[in-house]
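Note that the structure is a prediction, hence the values are computed from the model and not measured.
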Amino acid sequence: MKKKEFLIGLGLLVLGFFVLAYQAYSFAAHKSILSPAPIQAAQEAQVQLPLTPLFGAVAMFAGVVLIVRDRDRAS
């Protein structure tokens, strides 16, 4: 159980760091356009998901709390 809290805390710390570093997540969304013709067309749209620095800071803080709490329980 102790290792689990440490690993979750470490994961949150890394995730928070990346959210603070990039602040946006972009990906391509593909949409198939239906047509009666035998030729199929696809539409691609670039979607950007903004990530506020608050999410990164909260994730990093929660990760540090879990790591410190795990260290206190180990001693």
(message) For Gln48 versus Ala24, what's the shortest heavy-atom pair and its separation?
(response) NE2-CB, 3.5 Å

(message) So, taking the atom named NZ in Lys3 and the one named CG in Leu10, what distance separates them when rounded to the nearest 0.5 Å?
(response) 10.5 Å

(message) Rounded to the nearest 0.5 Å, what separates atom CG in Leu13 from atom CZ in Phe18?
(response) 11.0 Å

(message) Working to the nearest 0.5 angstrom, can you tell me the gap between Leu20 CG and Leu54 CG?
(response) 9.5 Å

(message) Are Met60 and Leu7 connected into the same hydrophobic cluster when the rule is that any two of I, L, V, M, F, W, Y join if their side-chain heavy atoms are below 4.5 Å apart?
(response) yes

(message) Within the 4.5 Å heavy-atom criterion, are Phe6 and Ile67 side-chain neighbours or not?
(response) yes

(message) For a quick test of reading the model, state the closest non-hydrogen atom pair linking Gly56 to Val19 and the distance between them.
(response) N-CG1, 3.6 Å

(request) Search all heavy atoms of Gly16 against all heavy atoms of Ala59 and return the closest pair with its distance. (result) CA-CB, 3.9 Å

